[in-house]
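Remember, it's 1-based here, ligands and their atoms both numbered in the order they're listed. The structure displayed is predicted, hence computed values, not measured ones.
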Amino acid sequence: MELFKYLEEFDYEQVVFCQDKNSGLKAIIAIHDTTLGPALGGTRMWTYDSEEDAVIDALRLAKGMTYKNAAAGLNLGGGKTVIIGDPKTDKNPEMFRAFGRYIQGLAGRYITAEDVGTTVGDMDLIYMETDFVTGISPEFGSSGNPSPATAYGCYLGMKAAAKEAFGTDSMEGKTVAVQGVGNVAYGMCKHLHEEGAKLIVTDINEESVERAVNDFGAQAVGIDEIYSVDCDIYAPCALGATINDDTIPQLKAKVIAGSANNQLAEDRHGEKLHELGIVYAPDYVINSGGVINVADELNGYNKERAYKQVETIYDSLTKIFAISKRDDIPTHKAADRMAEERIQSVSQTRSTFLQKEHNILSRR
Ligand SMILES: NC(=O)c1ccc[n+]([C@@H]2O[C@H](COP(=O)([O-])OP(=O)(O)OC[C@H]3O[C@@H](n4cnc5c(N)ncnc54)[C@H](O)[C@@H]3O)[C@@H](O)[C@H]2O)c1
Ligand SMILES: CC(C)C[C@H](N)C(=O)O
């Protein structure tokens with residue numbers, strides 16, 4: 001790929017390639033934009049088909065974090081890391097310590113946390129080498145695993161989308177088709193089940209499916225069946241790009257609301273959903289509960305304060321749906337506009353030189 005051409009097109013600030021032969025670390029840290037503050041975004045560990053795929057994933061996810069953090073009202077920029085490898089077989093403590101030293105080298109321009117394939121234990125190893133990591137064990141004064149907060153935000157965001165589509169935000173009797181019942185989706189399903197929703201689930205991991213069937217009476221379906229099942233809401237909670245040319249014609253859902261990052265394969269798929277009258281909750285808004293929760297650590301973590309801020313996801317989505325209707329634009333465009341306006345207005349207030357930035361990392 002022509003890397004610099006891509007960086008210029010989407011205005012990335014920095015990409016760092018990290019290699020440690022001893023531990024097998026191969027990581028890419030992408031920093032998209034730090035106008036609002038240091039770039040905060042998780043670390044994903046995944047087996048990629050090629051190094052180029054890994055670079056592209058890091059870049060797309062980092063840009064998503066810029067928009068997510070801006071739309072969530074956080075004073076944080078966007079960045080993300082991918083570690084190339086199988087999280088089940090390729091991890092070792094030295095790998096995360098080596099990675100922590102690379103983060104320390106960025107001197108606070110980038111702060112990490114969990115994403116797919118990484119755990120609180122991995123964050124604790126990074127913390128041995130750097131302070132610029134969140135989502136570490138609560139014993140250190142941290143918020144721990146961000147998934148429950150993300151799950152709560154997705155549940156509330158789904159209710160806001162249901163209100164838009166069905167005129168009521170009650171989940172009672174609604175059928176939700178969930179793709180991937182991992183950390184976030186399990187918590188989201190718990191909230192939905194408690195409110196009386198019917199669940200249809202799929203996952204490549206059989207144990208995850210069984211857990212949802214046993215705990216919530218969910219109906220299990222095959223991996224490819226999830227798009228076409230009879231349901232009110234489709235919740236993509238695995239990996240990205242599942243809203244595409246193949247899947248859109250299969251959907252019976254009137255709402256798409258789930259935790260996965262980068263759900264639209266391309267922008268035009270968001271336009272197609274708008275044309276079809278399907279209410280799409282933009283991914284980076286509905287799934288911002290986790291980052292809102294870990295970001296609270298920068299002020300000294302307070303769960304009550306953090307969850308109150310997570311609850312604003314409902315109102316943010318309601319506002320986005322209103323802009324989409326008013327201006328007849330797809331919801332993902334309305335969300336982008338909201339995020340870009342915030343970055344633009346803060347960049348103007350920050351044009352005056354200040355010797356020492358306030359409140360960047362007052363730490364736990
Ligand atoms: N964990 C968080 O706080 C958080 C925050 C924001 C966004 N997200 C996003 O939400 C998504 C889920 O995150 P998570 O932490 O629950 O991850 P996870 O790994 O715990 O769960 C993902 C689940 O999807 C399953 N899966 C993978 N490919 C699949 C496929 N093709 N079909 C069906 N199932 C498949 C996996 O087996 C796993 O059970 C990711 O896209 C992540 O980036 C997570
Ligand atoms: C907890 C966060 C910093 C990262 C999270 N995985 C996200 O995509 O939002």
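Within the cation-pi definition used here (under 6.0 Å to the ring centroid, within 45° of the axis), Lys163 does not qualify as a partner of Phe166.
Ligand 2 places these atoms under 4.0 Å from at least one heavy atom of Asn261: 8 (O). Close contacts of ligand 1 with Pro146, meaning ligand atoms under 4.0 Å from a residue heavy atom, involve 3 (O). The Asn205 neighbourhood of ligand 1 comprises atoms 37 (O), with distances under 4.0 Å to a heavy atom of that residue. Residue Lys80 approaches ligand 2 through these ligand atoms, each under 4.0 Å from one of its heavy atoms: 6 (N), 7 (C), 8 (O). Which parts of ligand 2 touch Ala113 is read off a 4.0 Å heavy-atom cut-off, strictly below it: atoms 3 (C). Those atoms of ligand 2 with a heavy atom of Asp115 less than 4.0 angstrom away are 5 (C), 6 (N), 8 (O). When each atom of ligand 1 is checked for a heavy atom of Ala260 under 4.0 Å away, the hits are 10 (O), 11 (C), 41 (O). Within the listing of ligand 2, atoms 7 (C), 8 (O), 9 (O) sit less than 4.0 angstrom from a heavy atom of Lys68.
Atom 21 (O) of ligand 1 has its closest protein heavy atom at Gly182 CA, 3.3 Å. Nearest non-hydrogen protein atom to atom 4 (C) of ligand 2 is Glu114 O, 3.5 Å. Atom 32 (N) of ligand 1 has as its closest protein heavy atom Ile223 CD1, 3.8 Å. The shortest contact between atom 17 (O) of ligand 1 and any protein heavy atom is with Val116 CG2, 3.9 Å. Among protein heavy atoms, atom 44 (C) of ligand 1 sits closest to Val184 CG2, 3.8 Å. Distance from atom 28 (N) of ligand 1 to its nearest protein heavy atom, with residue and atom name: Ile204 CD1, 3.6 Å. Closest to atom 6 (C) of ligand 1, if we only count protein heavy atoms, is Asn287 O, 3.4 Å. In terms of protein heavy atoms, atom 36 (C) of ligand 1 is closest to Asp203 OD1, 3.5 Å.
For atom 12 (C) of ligand 1, the nearest non-hydrogen atom from the set Ser288, Cys237, Pro148 belongs to Cys237. Of the candidates Ser208, Gly153, Ala238, Ala238 brings a heavy atom nearest to atom 41 (O) of ligand 1. In this structure, of Gly289, Ser259, Ala113, the residue bringing a heavy atom nearest to atom 8 (N) of ligand 1 is Ser259. With atom 20 (O) of ligand 1 as the reference point, the heavy atom nearest to it among Asn183, Val181, Val291, Ile292 is part of Asn183.
The shortest N or O to N or O distance between Thr150 and ligand 1 is below 3.5 Å. Geometrically, ligand 2 and Asn287 share no nitrogen or oxygen pair separated by less than 3.5 Å. Residue contacts with ligand 1: Gln179 is placed with no nitrogen or oxygen under 3.5 Å of a nitrogen or oxygen of the ligand (distance criterion only). An N or O contact shorter than 3.5 Å links Arg44 to ligand 1 by distance. Considering backbone and side-chain atoms alike, Thr202 places every N or O at 3.5 Å or more from each N or O of ligand 1. Between Gly117 and ligand 1, not a single N/O pair is under 3.5 Å apart.
Contacts with ligand 1 closer than 4.0 Å are made by no heavy atom of Ile226, backbone or side chain. Using a 4.0 Å cut-off between heavy atoms, Met123 makes no contact with ligand 2 at all.
Salt bridge Glu9/Lys5: absent, no basic N to carboxylate O contact under 4.0 Å. Note on Lys272 versus Glu275: salt bridge recorded, some NZ/NE/NH1/NH2 to OD/OE distance being below 4.0 Å. With respect to Asp11 and Lys63, no salt bridge is recorded, no charged nitrogen being found less than 4.0 Å from a carboxylate O. The pair Asp296-Lys308 does not count as a salt bridge, with every side-chain nitrogen at least 4.0 angstrom from each carboxylate oxygen. Taking 4.0 Å as the cut-off between side-chain N and carboxylate O, Glu195 and Lys174 do not count as a salt-bridged pair.
Residue His32 forms a ring-ring contact (aromatic ring centres under 6.0 Å, His included) with just one option from Phe10, Tyr110, Tyr12, and that option is Tyr12. With Leu273 as the partner, the side-chain contact (heavy atoms from CB on, under 4.5 Å) test is satisfied by one option alone out of Ile278, Val279, Thr331: Ile278.
Heavy atoms of other residues, nucleotides or ligands lying less than 6.0 angstrom from CD of Gln348 number more than 12.
Looking only at atom types and distance, the side chain of Thr242 has a donor-acceptor partner in the side chain of Tyr234 under 3.5 Å away. When only modelled atom types and interatomic distance are considered, Tyr67 and Asp283 share no side-chain donor-acceptor pair under 3.5 Å. Between Ser142 and Glu297, the side chains place a donor N or O and an acceptor N or O closer than 3.5 Å (distance only, hydrogens not considered).
Atoms NZ and CG, on Lys68 and Leu40 in that order, are 9.5 Å from each other to the nearest 0.5 Å. Within the model, atoms OH of Tyr48 and OG of Ser50 stand 10.5 Å from one another, a figure rounded to the nearest 0.5 Å.
Pairs of residues two or more places apart, or lying in two chains, that qualify as salt bridge (Lys or Arg N to Asp or Glu O under 4.0 Å) and include a residue from residues 32-51 are Arg44-Asp57, Arg44-Asp115.
Ligand 2 does not have Arg44 within reach: every non-hydrogen atom of the residue lies 4.0 Å or more from it.
A tilted orientation is assigned to the rings of His193 and Phe216, their planes being inclined by 30° to 60°.
Judged purely by atom type and a 3.5 angstrom limit, Asp215 has no side-chain atom pairing as donor or acceptor with the backbone of Ala212.
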